[in-house]
Amino acid sequence: MNRKRLKKRRLLPLAAWLALVGILSIFCSPTYAEDAAPRAVHSGDTAWLLVCTALVMLMTAPGLALFYGGLVSQRNVLSTLMHSFFALCLIGIQWVLWGYTLSFGADVGGIIGGLGHLGFRGVGPDPSDGATVPHLAFAMFQAMFAIITVALITGAFAERMKFAAFILFALLWATFIYDPLAHWTWGGGWLMKRGVLDFAGGTVVHISSGVSALVAALVIGRRIGYPEKMLPPHNLPFTVMGAALLWFGWFGFNAGSALTAGGLAALAFTVTNTAAAAAGLTWAFIEWVRQGKPTILGTATGAVAGLVAITPASGYVTVLSSVLIGMGASVVCYLGVNVLKPRWGYDDSLDVFGVHGLGGTWGAIATGLFASKAVNPAGADGLFYGNPAQLMNQIIGVLASWALAGVGTLVILKVVGVVTSLRVTKEEEITGLDVALHGEEAYNFLAPGMSSARLAPVSQEASSPHPLRAVEESPPSQ
Amino acid sequence: MNRKRLKKRRLLPLAAWLALVGILSIFCSPTYAEDAAPRAVHSGDTAWLLVCTALVMLMTAPGLALFYGGLVSQRNVLSTLMHSFFALCLIGIQWVLWGYTLSFGADVGGIIGGLGHLGFRGVGPDPSDGATVPHLAFAMFQAMFAIITVALITGAFAERMKFAAFILFALLWATFIYDPLAHWTWGGGWLMKRGVLDFAGGTVVHISSGVSALVAALVIGRRIGYPEKMLPPHNLPFTVMGAALLWFGWFGFNAGSALTAGGLAALAFTVTNTAAAAAGLTWAFIEWVRQGKPTILGTATGAVAGLVAITPASGYVTVLSSVLIGMGASVVCYLGVNVLKPRWGYDDSLDVFGVHGLGGTWGAIATGLFASKAVNPAGADGLFYGNPAQLMNQIIGVLASWALAGVGTLVILKVVGVVTSLRVTKEEEITGLDVALHGEEAYNFLAPGMSSARLAPVSQEASSPHPLRAVEESPPSQ
Amino acid sequence: MNRKRLKKRRLLPLAAWLALVGILSIFCSPTYAEDAAPRAVHSGDTAWLLVCTALVMLMTAPGLALFYGGLVSQRNVLSTLMHSFFALCLIGIQWVLWGYTLSFGADVGGIIGGLGHLGFRGVGPDPSDGATVPHLAFAMFQAMFAIITVALITGAFAERMKFAAFILFALLWATFIYDPLAHWTWGGGWLMKRGVLDFAGGTVVHISSGVSALVAALVIGRRIGYPEKMLPPHNLPFTVMGAALLWFGWFGFNAGSALTAGGLAALAFTVTNTAAAAAGLTWAFIEWVRQGKPTILGTATGAVAGLVAITPASGYVTVLSSVLIGMGASVVCYLGVNVLKPRWGYDDSLDVFGVHGLGGTWGAIATGLFASKAVNPAGADGLFYGNPAQLMNQIIGVLASWALAGVGTLVILKVVGVVTSLRVTKEEEITGLDVALHGEEAYNFLAPGMSSARLAPVSQEASSPHPLRAVEESPPSQ
Amino acid sequence: MRKIESIIRPHLLEAVKTALQEIGVIGMTITEVKGFGRQKGHTETYRGAEYKVEFLPKIKIEVVLPEEMVDLAIDAILKTARTGKFGDGKIFVTPVEEVIRIRTGERGEAAL
Amino acid sequence: MRKIESIIRPHLLEAVKTALQEIGVIGMTITEVKGFGRQKGHTETYRGAEYKVEFLPKIKIEVVLPEEMVDLAIDAILKTARTGKFGDGKIFVTPVEEVIRIRTGERGEAAL
Amino acid sequence: MRKIESIIRPHLLEAVKTALQEIGVIGMTITEVKGFGRQKGHTETYRGAEYKVEFLPKIKIEVVLPEEMVDLAIDAILKTARTGKFGDGKIFVTPVEEVIRIRTGERGEAAL
Ligand SMILES: Nc1ncnc2c1ncn2[C@@H]1O[C@H](COP(=O)(O)OP(=O)(O)O)[C@@H](O)[C@H]1O
Ligand SMILES: Nc1ncnc2c1ncn2[C@@H]1O[C@H](COP(=O)(O)OP(=O)(O)O)[C@@H](O)[C@H]1O
Ligand SMILES: Nc1ncnc2c1ncn2[C@@H]1O[C@H](COP(=O)(O)OP(=O)(O)O)[C@@H](O)[C@H]1O
């Protein structure tokens, strides 16, 4: 390998990082003063929102990290965990520096937020207008949404994406897709103005990540050996653990989106749990009927699909509607994963499109069907409550997010592909990304009881491997 | 295998599920309107109760799932995780549909709740009388208790229960045992009227699950090879992780039962932690004295026993009483697991009776000993504070829950046994339930570094398994 | 082995335990009455503080337990988990009995707390002066800090410390080092009076544990085979999971230290996340430049280093300062782990000194640089805001905690070493501490699909290991 | 001397081991292996994708013996490892030229 | 009869297995082993400490065959397991005196 | 040619490998196995239930060698794998008829 090129390659990230520090030091110090005298905030709501923020953080790592990490083969588990963990770091900084202001800065033409909050300038301990929680709390709650959305996409290209390409992609995607879409829907942009309902992120988080995942899977191509010669998931207990943590964190995701701790949060909490439960059961029963056995991976996948689908609806629908939304989610996503994917032949490694793209789409539309002003006067009535216009609105929201995510991801991947190859080499893929990209192996298990392999040579007296409670070793009677 | 019978078997769950949907659609839509205009709720208390609800959810999955899953042999770990995860889904729906109303609907003769809240009708975002939290929040908090109680029992028949039988059992048990017992104790039933104290579920949750577990273990019978030829726990780190998550979630379980965020919650929090700590230490020291070594499984089991025992007492006793309650819990449960079980010879796989049944019984009685009105004026004085009547009350509570759980479980298992066999076949048991019932294997570990086994054949140029940073491969000097 | 000595050895812990119970019964019952009539507490703040307490508990187990447990070799994972889990039990009791009063009892000469709160006497459901949360909630929040500090140190002597020696050490260390230091800094002691700033424990928790770890590593000596023949970490996914849980729990640690749910908590939350993210990125980029590959262990270690460093500063600095503090943390700790440790040759097994000792020191000093009264009027201005005196104050705090931890740990280890040997025997170390000290093995994995090894012999008819869905077994056509 | 290498079903290991001990075998070495043969595998499903498990878990027992014990050992294994269904496994007998006990340096049958 | 013991690269197992089946091999036994030889290992890093991985993962395939199939089998393996780089592995041929099928008690070539 | 199959204590693998390399062995294959013999196991406890661990972890080293190196190799192993306590393991020597290097197709001693 060319040593000079290697050197240059290594210096690049350092340079980038130093540039960032430079930019930082420009912002530093002066911005804070304005927020110095905190105005009254509501402590119950603040407590709630901060806890929910932490819960959504937990969804990304270890929640999603484990959910995904358990599904890949053993030689790629660390690289898969790294996608989520690194997204937490990377977008955590991107959001503070420019992501928040692009999403929630003063509206510019319905399209994007202004730069007023660059570097969290003016985001302080007092509430912004009308809110009962510190502006910082709101901004950090939103940070966790940006983070998990990026992390979700990584399931599409697990086991083959180059790490440098992932970093570049994540930064560009967050900036040019997530931030605008969040602005459109929640930050005062055109979808919000139109009255599109998305309580906690059906379009912003799930459609956007799911559709981008589909595009990424198509652009980056299938894993070697897909579909005939793949390894089964290497650690399903990790996946179940991850699914349970996602469910747990989703209470923060959906019920936290009420931004206050009251009846609306309790409603969102209730429908979230109920839709997840209904969807988990439904997927299991579909498998039972079609394949003869209900699997735990299916049940967990169903639960996640239900959580995805209820997300946009969670502040607007009745408890019993949530059962139907959950059941519908499993039907739609089951078909996506088990019929659509094999038919089209794309390799969306961990079914991001099947579960989040389709589940999010179903949820956004279901919101247009089941939403009711009787549940939440701040919402709208859906088709089943006599208002077909809302369904149209939802469809517009869906189309807009499909379009932005689909086209945007394609462009971004092409751009990234010019700078660096998107994919590892064949040889690296066979080796496994953990060793090839990170120089680490996930496990170093010994054979059961194989306690002392590879340890230093020991003196004569230290030989019996299990000295304590060992049956006395007397010489054989010969 | 008879193909037609198979078909019929597969259609059954589908039919059941569709029936459920049918029932649902009857309830749907109209019920919600009454709750439409939320009245004021207390945001601090609501935040607290919603968080506690999430914490109790976490106890079931991944908490209990891991605690149990680590203890079984590798070939049954998924089926064991599935018990908890599926209970979360199944009882999550049962509770919304009819469980809540049977437990907390308007009292009918001290025995059961009326059907006023069928399908969560009338359970809305405003508080019910006298409460400071949304009715929905209270109902969901209680949902998590119903869920974990069912999940707890599964430890008794792990590694051999048929999955269909488990589902039927879970539904019947929740409906005919848990719901009435919750009503008796908390929902305005006869035990509550008598003044039996059970702050967070010593009788309702732990005695009921523990005693039912004993009955189930006896009815279903021992695992093949028990007790001489069992495999040791396959993943103790999972069990430790599960125990720690249970401890964490138990703060929600006990301190959340205060239903407000104030001094009582803080007290319950404190005694919960203290009893767990004291019990963990005690179990470890008993092992140290009796077996020569303190184990981590023992310490974790002790901590859980302490948590169980403090549960009914957690709103009524002093911090120092909680030390004694915790220590007593480990003594009682240690004897149950290590003396009683071997002597009687039943195979309660994961010691549900030994830990929850006996620990819950000790806790209920200890409440009658240590409770003090000085601690909580809404409670009562126990024997040690001069009121033997309370001890009698507690004993009545214990007897009632033993009787209901014991007899009820026996009847339910006999009924389920008529519909389907309770146990898998011998062959399935040897194969392992993961493959036999769910068609999945938990782990697909490769030998360390065995990165590319079973992958697609690759072209000639891709041969060295670890290309990066590999020492240069020069031809041998021969 | 001498049977009589064994007996005596076994009775010792029992005797100690009974003595403890004796002491307890002296305190029991009377103390509580005074707190009987709770005064008003603020429910939002209480909800927040109780949740944060639970989060800090989670940091120790399973958070830290997994973070450490994944890094050791397979034969020592249980003993490593045990260190954290047992600390949770042991210090949980020590704190209630005498730890809290030594730390937060009425000040005695600026050095130690008085004995007024022995056995939590007078710690009740009403707030102490000026606070808005129950005294019990504050005391339990602080309990979790004492617990995790002790657990942190254990990383220094993992894989070789005798368990009895660990227990004795933990008790003495908590009593003679942690409790005074907490008093000095937070309980009204001399450092607090001087105006040394430590928002959430940079000196009290991280410097004290890190410096003690260094001393312990030096006194106890290297593991056999260190540094040439060590096994790599046995389960990096556990370590990543642990790091993510630490991050999650750290929100409670730092933002909870505001003791109220408002702007200050939101600020602490924000800078905590930002510093962790910046530090994770920085460590990864340093590795990329220096070693050619960014590792997940490095990224996770960096994130923890950032969390450590922001801890003392988290209530006093701007968001952008936190980026710089995080970046600095990774630089400092990377050098500690990768340059200092190999150069000096000590075996601090899990880099407690490198990450917590140095990271805490950097954080304490950085607080003296970046603190700003514009951010928190209750704080102080640092050097960069024109007040060099604060930097001097911070340096005094650092020196005091280095001195107390360093000298104190040395003395305590010498004392413990007189009572029992600090280290296991060579033979036990080769065997592995799990089997040698606890008689347990962490994993009992079967070969993939090796489902029925070691199970009871079965009858003739039960032979095909995977009966369900097995391809029909017809006799070979020969 | 001979080496008897026997592939058996994992759950019968205990029984085979005991039978070998009864005829006087003191030492043996076992390995977890996977076998392919007339016994067919099974299918697993992960989110709809089907995996065929063709290599089935087996245990390989290796015992080195004096020639005169070979028939006894074969009988012991046949008696305990047979279920009569496909997949019971094989016994292979191969020559061994020399055996040395590492602890003492003893050679030949004395080293067994 | 002969035993062919072949050490190969793990990811080529499928190909080798199929080639052996094609020439008429019905059964085989595989073991996960680690090999040391001319192929060099790689380095891993954990918090700056470097680990050299010297023993590389290999698969050992064992097939017992009638003598006349030995050359066919060797060819089948050579054809599918060769990449031309260090580490492709070896084939060892050893004599087998007797084979018994546990299920039926059949002996000799009939037992294969 | 001969195959030397040696069962040793796991933690002595490094030492044995180095000693073999020193006498000129270039390649070897190792397997994680479990042994049963004169060395006794130990007992583990899980919630009071006792488990006897009878099969102890061992490493099997396989080296195929030209006949003239056999004695040298045996000496190298004896020197490094002996602790003098039960459980040090055995060395078995068996005949090998043919060796082929897959990479090149070379046969016989050249293939080693
Ligand atoms: N020719 C062979 N060489 C090596 N191992 C074999 C051979 N044939 C079978 N085996 C091993 O024996 C096991 C059982 O063989 P199989 O054909 O399934 O059943 P049976 O021995 O009852 O006819 C296989 O799983 C494999 O491990
Ligand atoms: N003398 C030997 N005895 C036993 N196994 C050997 C021997 N030489 C090589 N091997 C095995 O063959 C594998 C490949 O050998 P290696 O020297 O790396 O490459 P090649 O066979 O291409 O020359 C090794 O990893 C080892 O498992
Ligand atoms: N007859 C045998 N055949 C195959 N392996 C054997 C035999 N005897 C012993 N072994 C292997 O050698 C190992 C050591 O044997 P053991 O009897 O415990 O001690 P020692 O070799 O010191 O007498 C055993 O664990 C087993 O793996």
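Because the structure is a prediction, the values reported are computed rather than measured. Letters go in sequence order (proteins before strands), and every chain restarts at 1.
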Part of [X] within contact of chain B (heavy atom distance under 4.5 Å):
X: Met140(C); value: side chain
X: Pro134(C); value: side chain
X: Leu49(C); value: neither
X: Ala164(C); value: both
X: Ser79(C); value: neither
X: Val96(C); value: side chain
X: Ala442(C); value: both

Select, from Leu297(B), Asn76(B), Thr239(B), Thr132(B), the one with the greatest count of heavy-atom pairs under 4.5 Å involving chain C.
-> Leu297(B)

Pick from Tyr226(B), Phe384(B), Phe269(B) with the largest number of heavy-atom pairs that fall under 4.5 Å of chain C | Phe269(B)

Could you grab the distance from atom NE2 of His438(C) to atom OG1 of Thr299(B), nearest 0.5 Å is fine?
-> 8.0 Å

Counting C-beta onward and ignoring hydrogens, is there a side-chain heavy-atom pair between [X] and [Y] closer than 4.5 Å?
X: Leu245(B); Y: Pro62(C); value: yes
X: Asn235(B); Y: Phe445(C); value: yes
X: Leu136(C); Y: Val319(B); value: yes
X: Thr274(B); Y: Phe120(C); value: no
X: Phe251(B); Y: Leu50(C); value: no
X: Ile296(B); Y: Leu81(C); value: yes

Residue pair [X] / [Y]: nearest heavy atoms and the distance that separates them:
X: Ala277(B); Y: Cys89(C); answer: CB-O, 3.2 Å
X: Thr295(B); Y: Met82(C); answer: O-CE, 3.5 Å
X: Val77(C); Y: Pro237(B); answer: CG2-CG, 4.2 Å
X: Gly119(C); Y: Leu320(B); answer: O-CD1, 3.8 Å
X: Asn444(C); Y: Pro233(B); answer: ND2-O, 2.9 Å
X: Asn273(B); Y: Met144(C); answer: OD1-CE, 3.4 Å

With a 4.5 angstrom heavy-atom cut-off, could you sort out which part of [X] is near chain C: side chain, backbone, both or neither?
X: Thr270(B); answer: both
X: Ile286(B); answer: neither
X: Ala300(B); answer: both
X: Phe238(B); answer: side chain
X: Ala303(B); answer: side chain
X: Phe248(B); answer: both

Among Asp434(C), Leu66(C), Leu58(C), who wins on heavy-atom pairs under 4.5 Å with chain B?
-> Leu58(C)

Quick one: which of Ser43(C), Ser84(C), Ala47(C) has the most heavy-atom pairs under 4.5 Å with chain B, could you say?
-> Ser43(C)

Relative to each other, are the rings of Phe85(C) and Trp247(B) parallel, tilted or perpendicular (30° and 60° limits)?
-> perpendicular

